[in-house]
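Here's the structure we're looking at; comments come further down.
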Amino acid sequence: MLYVDNAATTKMSAAAINVMTTVINENWGNPSSLYTHGQSAKEVLEQARVDIAAVIDAQPREIYFTSGGSEADNQAIRSAAALGRKKGKMHIISSAFEHHAVLHTLDKLKSEGFEITLLDVHENGLIRPEEVEAAIREDTCLVTIMYANNEIGTIQPIRAIGEICRRKNVLFHVDAVQAVGHIPVSVALDNIDLLSASAHKFHGPKGVGFLYAKKGIALSNLIEGGAQERGKRAGTENVPGIAAMATALKEANEKLETNAEHMRKMRDLLIEGLRQIPHSALNGDEVNRLPGNVNFCFEGIEGESLLLLLDDKGICASSGSACTSGSLDPSHVLLAIGRVHDVAHGSLRLSIGEDITEADVEYLIRSVTEVVTYLRSFSPIWRDLMAGKKQFIL
Ligand SMILES: *Cc1c(COP(=O)(O)O)cnc(C)c1O
């Protein structure tokens with residue numbers, strides 16, 4: 001099996017599994033209990049907080065553990081909105097191609113009286129800092145922009161946007177779920193106020209993540225109950241998951257440069273190879289993109305059929321097209337960068353891992369080329385395109 005869907009989730013690292021089982025066996029007490037057994041769990045928890053904070057240049061007390069990226073996004077945005085409402089500032093700026101955890105939270109806030117501006121994403125999948133600046137108003141309480149896009153892998157000019165937000169005194173939240181553990185992220189250098197991350201995107205376990213909130217920002221609770229996480233996130237902490245997350249993140253961070261260099265090389269080979277397929281196009285910027293992300297559109301085919309046939313060849317990939325996401329519309333990300341419906345339906349995302357080899361890349365290029373050619377051989381849209389009844393877009 002060739003797993004190239006690391007943007008959906010990653011396999012846990014051996015070290016993370018090892019720490020998780022050790023903590024399950026040896027530190028299973030409740031960290032809120034005062035006896036030694038509880039306190040050893042508390043120590044594991046606090047060490048994880050220290051380790052995670054160090055990776056993103058934060059203070060340990062600025063890290064709040066959550067159930068994952070979605071919860072962190074919800075809590076960050078809701079908190080900034082609540083602070084804004086108190087001051088009569090009810091305008092939020094975001095982009096059209098954020099993760100649904102962000103977009104759906106913004107939809108809810110809209111129904112609660114907030115005004116939302118979604119910035120355009122240009123063809124290369126990038127947001128322009130000057131457009132963020134132009135959109136900021138007197139009543140803007142939050143700018144929320146993702147660090148790197150989960151479908152097309154484009155890396156936003158976060159530092160420049162953060163600098164604008166600081167200068168304009170507007171809170172800046174960054175969904176960094178695809179970035180943390182993959183590219184350098186520093187909340188200090190990047191001028192970030194709130195940041196979301198998720199363990200299962202960097203070889204940690206599923207169901208655990210964290211929210212960074214800069215000192216002085218009062219978070220609102222999504223979950224009421226006990227006083228865990230300094231009263232901001234009730235519920236007995238997922239100590240084994242949190243410990244494994246810290247281990248996975250430290251590991252990813254230590255190998256970050258070496259891994260990224262190898263992956264960029266493999267990614268570029270893959271892009272070069274897939275470009276040879278006629279009427280295809282890379283989605284997103286070629287340079288400002290995650291080391292592991294390759295995303296293409298192939299005209300005249302359906303993404304789902306592509307995925308099924310690749311599965312027969314032992315390849316696990318993803319598509320931003322309709323049925324995979326259970327809706328009739330193609331990916332909102334591909335539409336946001338200006339792909340028309342027909343083209344967006346024929347998309348393929350290959351998110352490679354650190355362990356990919358050159359032989360894997362060759363196999364991917366060969367398999368995708370074969371499958372695309374085969375699907376086109378009986379596609380009615382392709383026939384119309386070839387007959388000149390329809391114009392090629394790509
Ligand atoms: C995966 C992902 C999330 C959601 O994280 P979960 O831990 O699965 O809830 C949010 N944002 C982005 C960009 C993601 O890729």
Side-chain angles (χ1 to χ4, degrees), residues 3-12 16 52 56 63-78 94-108 118 121 125-127 144-156 158 161 172-183 185 190 192 194-212 222-223 233 235 238 241-242 244-246 248-249 252 283-284 288-295 316-320 324-326 331-334 336-337 349-353:
Y3 184 80
V4 281
D5 203 13
N6 287 280
T9 197
T10 57
K11 183 176 191 275
M12 275 182 78
I52 287 171
I56 62 162
I63 304 295
Y64 298 83
F65 296 121
T66 67
S67 67
S70 300
E71 185 187 334
D73 282 342
N74 274 257
Q75 189 169 14
I77 294 169
R78 288 240 163 237
S94 188
S95 85
F97 81 160
E98 297 297 310
H99 191 272
H100 283 137
V102 169
L103 289 177
H104 292 172
T105 303
L106 294 177
D107 280 346
K108 274 275 175 63
L118 293 186
V121 184
L126 294 173
I127 288 152
T144 171
I145 303 282
M146 71 203 312
Y147 213 117
N149 185 273
N150 46 303
E151 287 188 36
I152 59 172
T154 47
I155 302 170
Q156 300 302 332
I158 290 298
I161 299 171
F172 183 33
H173 167 247
V174 175
D175 174 338
V177 174
Q178 292 288 335
V180 168
H182 298 276
I183 53 173
V185 171
D190 292 339
I192 295 170
L194 296 151
L195 173 141
S196 315
S198 174
H200 76 101
K201 302 289 174 72
F202 51 75
H203 302 289
K206 291 162 191 52
V208 58
F210 66 90
L211 169 60
Y212 153 82
L222 297 181
I223 297 171
R233 207 288 187 172
N238 174 3
I242 291 166
M245 167 164 69
L249 185 55
N283 293 311
N288 297 307
R289 105 183 269 129
L290 287 172
N293 178 289
V294 174
N295 190 315
C316 310
S318 151
S319 165
T324 40
S325 52
S331 141
H332 68 288
V333 173
L334 296 175
I337 61 165
R349 178 185 72 188
L350 303 172
S351 41
I352 59 179

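Values reported hereafter were calculated over all heavy atoms of this structure, with side chains retained and with hydrogens, waters and symmetry mates removed. We count ligands from 1, going down the list as the structure has it; atoms in each ligand are counted the same way.
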Nearest non-hydrogen partners of Y147 and A176, listed with the distance =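 Nearest heavy atoms, Y147 then A176: CB-CA, 3.9 Å.
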For [X] and [Y], which I'm curious about, is there any donor-acceptor pair between the side chains at under 3.5 Å?
X    : Y    : answer
S196 : D175 : no
N293 : R289 : yes
S70  : H99  : no
T9   : K201 : no

Protein heavy-atom partner closest to [atom] - residue, atom, separation in Å:
atom                    : answer
atom 7 (O) of ligand 1  : S198 OG, 2.6 Å
atom 1 (C) of ligand 1  : K201 NZ, 1.4 Å
atom 11 (N) of ligand 1 : D175 OD2, 2.7 Å
atom 6 (P) of ligand 1  : G69 N, 3.5 Å
atom 3 (C) of ligand 1  : H99 NE2, 3.4 Å

Only one of L334, N150, V121 passes side chain to side chain contact (heavy atoms under 4.5 Å, CB included) with F97; say which it is.
->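 Of L334, N150, V121, side chain to side chain contact (heavy atoms under 4.5 Å, CB included) with F97 is met by V121 alone.
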Considering only heavy atoms, does V102 approach ligand 1 within less than 4.0 Å through its side chain, its backbone, both, or neither?
->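 Within the 4.0 Å criterion, V102 makes no contact with ligand 1.
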Only heavy atoms of [X], strictly under 4.0 Å: list the atoms of ligand 1 that pass.
X    : result
H200 : 6 (P), 7 (O), 8 (O)
G68  : 7 (O)
M146 : 13 (C)
S70  : 4 (C), 5 (O), 6 (P), 9 (O)

N/O of Q178 under 3.5 Å from N/O of ligand 1, yes or no?
->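 Yes; at least one N/O pair falls below 3.5 Å.
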Would you call I223 and E71 a side-chain contact if the rule is heavy atoms closer than 4.5 Å?
->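 The answer is yes, as the side chains (C-beta and beyond) meet within the 4.5 Å cut-off.
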Please lay out, stage by stage, how M245 and I52 fare under the test side chain to side chain contact (heavy atoms under 4.5 Å, CB included).
-> CA-CA 8 Å; M245 167 164 69; I52 287 171; 3.8 Å; yes
